[in-house]
J.: 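Here it is, the structure in full.
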Amino acid sequence: MEHCILKIALDSPLDSLFDYQWKLQDETVPLPRPGQLAIVPFGRREVVGIIVAVSDHSDLPAEKLREALAVHVQVPPLSREWLDLCRFAADYYHRPLGEVAIPGLPKNLRTTKTTALDKALAKLARPADVALPRLRKAARARGRNAAITTPVESPAQAEAAVEVAEPAALASPVFWSATPNLNAAQEQAVASIAETMGFTPYLLFGVTGSGKTEVYLQAAARIFAQAHSEGPPAQVLILVPEINLTPQWLANVQARFPHLTIALLHSGLAEGERLTHWLAAHYGRAQIVLGTRLAILASLPNLKLIVVDEEHDPSYKQQEGLRYSARDLAVWRAHQLGIPVVLGSATPSLESWQHVQSGRYKKLELRERAVPDAVLPKVRMIDMERDRPTGGMTSSLIKAVRLRLECGEQSLLFLNRRGYAPVMACEACGWISNCAHCSAFMVLHKLDRKLRCHHCSNEMRIPRNCPTCGNIDLQPIGRGTQRVEESLQQLFPAARIQRIDADSTRLKGSAQAAFDAVHRGEVDILIGTQMVAKGHDFQNLTLVGVLNPDTALFSQDYRAAERLFAQLMQVAGRAGRRAQKEDGNPSEVWIQTRYPQHPLYAALRAHDYERFADVQLQDRVQAGLPPFIYQALMRAEARELQTALEFLEAARSSMDLPPEVILHDPIPMAMTRVANVERAQLLIESTSRVALQAYLTAWLPVLREIKPRIKWSLEVDPQDI
DNA sequence: AGCACGCCGACT
DNA sequence: GTCGGCGTGCTC
């Protein structure tokens, strides 16, 4: 045999593998192996693909086959398990394997040039005492948001780890620093996780401050210790919802495991760092991999535990391209490997809560706050009908902030709307600042003196007078964080006010700088969007004010209430993280609302997630909504709305329906037009996940034949409908 | 998705 | 006369 056939997955929407020839050389050159990367000609360009199989025949005529150009022998092959994970995700979300497997790899591995790869491999091979100071320095410069690898190996071992696929065993035992005592519930949770034999999904349910992090870390420590006596060092994957949370997590993890190599994987890394960290995980050298949702697709040869912190968080769902749920893939991956997975939350997703009810997930509950004497903040409603707000703030809330200022304690004001004002309007003629390209308003950004559409790149200078009637008295309507910041400056001229939202943190590192300022006590009043609500551990923060949560109460989106409850519980959790000072004020959460009696707020006031969840689940059963039904959503877009609707109509009638599957009417999307494209959607539902999947599998090839061809996509388990 | 080919409008 | 608009066709 002179040639063999490589079956290769490429990052292309074509749903197939591609066959290439590979010339067999003498015995000294090993045969390509599945999981290796290969450079191949594809059309007129050269791309990197993954060898999925090595075979001796192809179904294609020989003249169509081209030769693979090279195989990446520097990098050990991706494992069978990793390829199976990608294959599962590809099948489940109905995308080609290559579109799942390739984009998850660091860019520097996907180029035909190997200079960056060689550099990274050299870095990994370099003796620890040379590489480390440079990484440390870079990390410090970047506010600890960078690469921190702390190898324990001798130079020789580091070399070995780079050259062979299998990681070298650690010579030294696994250390971890002295740990705080656990309370009984924590101890039991740690024991359950660490003693797990085989696949077990756990829901770690506990309010903010109940010590979930401690449970993850000590469970990890025990798993490291067990693995150490058995074989290669174990790896633990920790997923967090936001990039901004990784520095705080990194500091925690490093303090606990100062001798272990930690890899970070999130989209904020520079490409070089990304490659180094990815390789550290791939070689099994990084024992702790900390990252955002994309880290779920990392190569982890010795994975023994997966943690998904704040598992309810919507950011675990990718909202473009391959629309996967990192949390769901985490559970699948744990199942595949026969290992425990811990989903942690104070406000679990209703999906996970339902899995607990049905016995599929095991609940581990932390009822007390772990810090002795820390008490749950008191939640109060401010009736906005009685106490009319000025500048977005009621007099009660202003008074509360002033009290905290006088005590030298920090306040957080939460408003999930960035910009100065969401709309600008002319009171004389009724003109409003509609975007010319989207069905949305242009948002007023006063500092930039711009009206800006948050959905397309459309910007314009704030008009001096009304574009239709010439009236010079244009008014901002409603308020965003910038406007509240302005009011606060007037109300509290001596206070140090910090705004944290997507606009104020656009520059790299600025978010971290802002959070650091808060931690150092250089900020009195913090105003922010959901960016500040998640996970940050503010020690001196004792007041949380929620300015305007009501809009979500009556939303068309059936998940809005669930999201609002989680968000409010989470932002409430920012208050009173530490033990209450003897002479201090109790931590408080003030919620401005026009519906103080609403059941959602009643549950919140009682810190009663369970009651809230049970009521929601009952509603969902009765209404036939997830998690009791499975959904997929097809979206189509075109210049004309009619074209998109007609396409979906054709799609709907293109195939006979099995009895368990329902197709709804095609409808325009809630935001019909974005950047001059009209969008419509078609909802597919079934009481059976298997029936839904089978239908989609059969349906997709039919859809690809529908003419005229327009842009469309399919999302499984959509979050926003 | 890229990338090229291919056939019709405003410019050096 | 050409630069370039995006329709459609192909990629082992």
Side-chain angles (χ1 to χ4, degrees), chain A residues 1-24 31-72 83 86-87 89-91 93-113 267 294 297 318-324 437 456 634-640 642-644 646-647 650 674-679 700-715:
Chain A
M1 180 171 66
E2 309 183 313
H3 284 90
C4 66
I5 302 296
L6 306 180
K7 311 242 171 209
I8 295 182
L10 299 174
D11 184 10
S12 146
L14 301 173
D15 197 5
S16 73
L17 296 176
F18 294 86
D19 292 357
Y20 286 88
Q21 285 189 326
W22 180 256
K23 220 182 259 161
L24 293 171
L31 206 67
R33 288 200 276 160
Q36 281 180 322
L37 301 176
I39 301 170
V40 294
F42 189 57
R44 256 149 267 238
R45 56 208 168 111
E46 289 176 4
V47 296
V48 172
I50 299 176
I51 303 172
V52 173
V54 181
S55 165
D56 53 12
H57 72 277
S58 169
D59 294 338
L60 271 95
E63 66 272 16
K64 289 208 90 177
L65 295 179
R66 296 168 81 180
E67 284 219 1
L69 301 169
V71 172
H72 259 315
L83 277 171
C86 293
R87 206 185 321 264
D91 291 347
Y93 295 107
H94 298 274
R95 292 299 202 113
L97 176 60
E99 269 196 4
V100 179
I102 314 262
L105 302 175
K107 274 214 178 69
N108 287 334
L109 270 185
R110 283 146 47 196
T111 58
T112 47
K113 285 184 183 164
S267 58
L294 60 86
L297 290 173
Q318 171 109 10
Q319 286 300 357
E320 57 197 25
L322 176 79
R323 294 179 170 238
Y324 64 96
H437 314 301
C456 69
M634 205 176 142
R635 297 186 177 89
E637 56 180 68
R639 280 265 178 72
E640 305 290 333
Q642 203 50 39
T643 314
E646 279 163 12
F647 177 87
V674 169
N676 287 327
V677 176
E678 304 275 350
R679 299 128 26 109
L700 281 167
V702 180
L703 294 176
R704 292 193 188 102
E705 299 308 315
I706 294 177
K707 302 227 168 88
R709 293 219 162 105
I710 66 168
K711 217 172 154 188
W712 60 272
S713 65
L714 183 80
E715 176 172 8

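Bear in mind that the values here come from a model prediction, so they are computed numbers and not experimental data. A, B, ... follow the sequence lines: proteins, then strands. Residue 1 opens every chain.
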J.: Starting at CD1 of A:I710 and ending at P of C:dG7, how long is that distance when rounded to a whole Å?
T.: 14 Å
J.: Tell me what A:L14 touches on the nucleic acid: a base, only sugar-phosphate, or nothing, going by heavy atoms under 4.0 Å.
T.: base
J.: Among A:L105, A:L37, A:V47, which residue meets the side-chain contact (heavy atoms from CB on, under 4.5 Å) test with A:R110?
T.: A:L105
J.: In terms of the nearest nucleotide of DNA chain B, which residue is placed more toward the 5' end: A:E99 or A:R44?
T.: A:E99
J.: In whole Å, I'd like the distance from the NZ atom of A:K711 to the C1' atom of C:dT8.
T.: 16 Å
J.: Whole-Å distance between C:dC12 P and A:I50 CD1?
T.: 18 Å
J.: Under 4.0 Å, heavy atoms only, any strand: does A:F42 hit a base, just the sugar-phosphate, or nothing?
T.: base
J.: Under a 4.5 Å cut-off applied to non-hydrogen side-chain atoms, are A:R87 and A:V52 in contact?
T.: yes
J.: Send over the distance from A:E46 CD to B:dG2 C1', rounded to a whole Å.
T.: 15 Å
J.: Can you find a heavy atom in the side chain of A:I5 that is under 4.5 Å from one in the side chain of A:Q21?
T.: yes
J.: Could you tell me the separation between the CZ atom of A:R66 and the P atom of C:dT11, rounded to a whole number of Å?
T.: 10 Å
J.: Return the value, rounded to whole Å, for the distance between atom CG of A:L60 and atom P of C:dT11.
T.: 10 Å
J.: How many angstroms lie between CZ in A:R635 and NZ in A:K711, if you round to the nearest 0.5 Å?
T.: 12.5 Å
J.: Check the distance between B:dA1's C1' and A:L10's CG and give it to me in whole angstrom.
T.: 12 Å
J.: Can you check the A:Y20 OH to C:dT11 C1' distance for me, whole Å?
T.: 8 Å
